[in-house]
Amino acid sequence: MTDKTAWGLSTLALRTGQQRTAEREHAEPIFTTSSYIFESAAHAAECFANETGEHNIYSRFTNPTVRCFEDRLAALEGGERAIATSSGMAAILSVCMAFLQQGDEIVCSRSVFGSTIGLFSRMMNRFGITTHFVELQNLAAWEAACNDKTRLLFVETPSNPLSEIADLGALSALAKSKGLRLVVDNCFCTPALQLPLQLGADIVVHSATKYLDGQGRMIGGAVVGSDKDMAEVFGVVRTAGPCMSPFNAWVFLKGLETLRLRMDAHSASALELATRLEQQPSVAKVYYAGLPSHPQHELAKKQMRGFGGVLSFEMAGGKEAAWKVIDSTQMLSITGNLGDAKSTITHPSTTTHARLTPAARAEVGIADGLLRVSVGLEDLEDIKADLARGMASCVLAT
Ligand SMILES: Cc1ncc(COP(=O)(O)O)c(C=O)c1O
């Protein structure tokens with residue numbers, strides 16, 4: 001008998017979760033059905049009485065293609081169970097709905113995705129839930145922000161766009177000492193590069209839209225954790241309905257099959273590009289945790305298998321120089337998205353972080369000359385050549 005618990009990440013990504021039907025299909029089918037039939041009235045009653053999701057009743061609750069994606073992602077993250085959602089934001093919302101009630105509080109890194117900040121500060125607060133935003137690396141600030149109403153600590157690591165690293169071991173120790181749940185958004189690393197649950201986190205959330213798909217085709221998300229916690233999240237998704245469609249789950253299953261290969265390739269290209277950018281006179285600073293010059297490089301090495309595909313750099317010439325680089329590209333996609341096989345370039349201060357005031361941007365370190373690149377899977381020489389076009393006296397390309 002195969003010992004599936006000993007499988008490596010690539011094998012898990014290809015082989016976990018598939019329940020073949022009587023047709024003996026090789027690849028995972030898409031179950032496009034909204035409901036399921038029962039063998040008898042008694043069988044229907046038995047299935048309806050069981051709310052664990054063991055029996056297929058209705059595809060808002062469970063679907064075999066979605067379940068295959070859930071089982072595979074849970075195995076990759078080292079969690080007991082995953083619950084798929086319609087988007088990354090639906091995953092975060094479902095965690096809030098599952099574990100918070102009026103009067104509760106969240107402590108959240110201030111360096112998280114803008115919509116996460118919006119959800120916590122502009123929407124959850126309407127339901128009596130308060131969020132304290134703290135500096136990602138300042139453990140004393142995390143501790144000081146906790147009180148007897150705190151229920152969740154929420155963090156993204158590495159942060160976007162400045163690649164700051166959260167010490168997940170230290171945050172998990174803090175969470176455990178106070179009986180809180182540590183929630184980690186792992187969409188920049190994926191389980192191919194970082195396993196937050198192994199480092200002590202309680203819950204992992206994903207925007208599957210990013211690297212889990214990896215080809216910029218689908219919106220989706222997931223929550224991963226213990227059976228007990230995921231039963232709560234399942235209850236929210238089953239009742240409130242932010243579920244994943246079977247077709248999207250099938251596309252994400254294809255993405256997972258190549259996850260490790262892709263993440264290794266993204267990481268290798270990003271590291272080389274970051275190293276070359278650091279040598280450019282027109283570049284004031286490069287933000288990438290894989291660089292030995294990164295202040296938390298040693299911590300990153302300890303908790304990540306690779307450093308990922310997203311890097312940022314600040315043009316010495318400010319916004320004008322940054323826009324010149326963007327407008328001189330002929331291949332890179334000028335878009336706010338990331339985690340795609342195609343390289344993308346973004347000017348955070350006028351797009352993803354434009355809603356912040358100049359003072360707030362300065363406080364979090366987002367300069368007008370900052371550019372973020374999600375390094376794709378094109379030939380690296382072509383990415384370098386495309387970026388170099390707009391840089392004065394640049395020797396990026398070899
Ligand atoms: C780190 C992070 N978390 C969550 C999300 C939200 O995911 P989605 O767009 O799938 O809702 C994003 C989207 O960009 C993200 O970058």
Side-chain angles (χ1 to χ4, degrees), residues 66 69 73 77 82-97 106 108-124 131 133 136 152-166 168 183-191 193-194 196 201 203-224 233 237 240-245 248-249 251-252 255 263 266 287 289 304 307-312 333 335-340 342 344-348 351-355 364 366 372-375:
V66 176
F69 167 72
L73 184 64
E77 286 285 1
I83 305 296
T85 54
S86 55
S87 68
M89 290 318 300
I92 299 170
L93 176 65
S94 300
V95 168
C96 292
M97 300 278 287
I106 306 171
C108 180
S109 157
R110 67 180 187 184
S111 307
V112 295
F113 180 53
S115 296
T116 307
I117 294 180
L119 173 70
F120 290 169
S121 59
R122 291 197 301 278
M123 292 176 190
M124 296 318 294
T131 304
F133 293 96
L136 174 112
L152 300 178
L153 305 183
F154 189 100
V155 70
E156 261 172 44
T157 179
S159 72
N160 172 22
L162 295 176
S163 288
E164 297 162 286
I165 305 294
L168 292 181
V183 184
V184 178
D185 183 329
N186 200 27
C187 89
F188 269 60
C189 279
T190 81
L193 302 181
Q194 176 170 270
I203 291 173
V204 163
V205 291
H206 272 287
S207 166
T209 317
K210 307 295 178 305
Y211 288 109
L212 298 190
D213 173 11
Q215 295 183 25
R217 300 168 295 196
M218 290 291 156
I219 301 282
V223 187
V224 192
V233 177
V237 174
C243 53
M244 180 179 280
S245 93
N248 287 24
V251 172
F252 292 132
M263 293 314 292
H266 283 296
Y287 300 87
M304 297 158 75
F307 304 103
V310 180
L311 61 86
S312 295
S333 307
T335 170
N337 200 22
L338 54 87
D340 197 304
K342 298 183 177 80
T344 66
I345 187 162
T346 312
H347 183 239
T351 58
T352 52
H353 293 72
R355 278 187 172 194
V364 291
I366 297 178
R372 186 191 72 195
V373 174
S374 168
V375 183

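These figures come from a predicted structure and were not determined experimentally. Each ligand, and each atom within it, is numbered from 1 in the order the structure gives.
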When you measure from the heavy atoms of [X] to every atom of ligand 1, does any distance fall below 4.0 Å?
X: Cys187; result: yes
X: His206; result: no
X: Asp185; result: yes

Within ligand 1, which atoms have a heavy atom of [X] less than 4.0 Å away?
X: Gly220; answer: 10 (O)
X: Met89; answer: 6 (C), 7 (O), 8 (P), 11 (O)
X: Glu156; answer: 1 (C)

Is [Y] close to [X] at the side-chain level, that is, under 4.5 Å between some pair of heavy atoms?
X: Leu119; Y: Phe113; value: no
X: Ser163; Y: Phe188; value: no
X: Met123; Y: Cys96; value: no

Taking N or O atoms only and a 3.5 Å limit, does [X] qualify as a polar contact for ligand 1?
X: Gly88; result: yes
X: Asn337; result: no
X: Asn160; result: no

Evaluate whether atom CE of Met97 has more than 12 neighbouring non-hydrogen atoms of other residues, nucleotides or ligands under 6.0 angstrom away.
no
So, the side chain of [X] versus the backbone of [Y]: is there a donor-acceptor pair under 3.5 Å, distance only?
X: Thr344; Y: Thr335; result: no
X: Thr209; Y: Gly220; result: yes
X: Thr85; Y: Ser87; result: yes

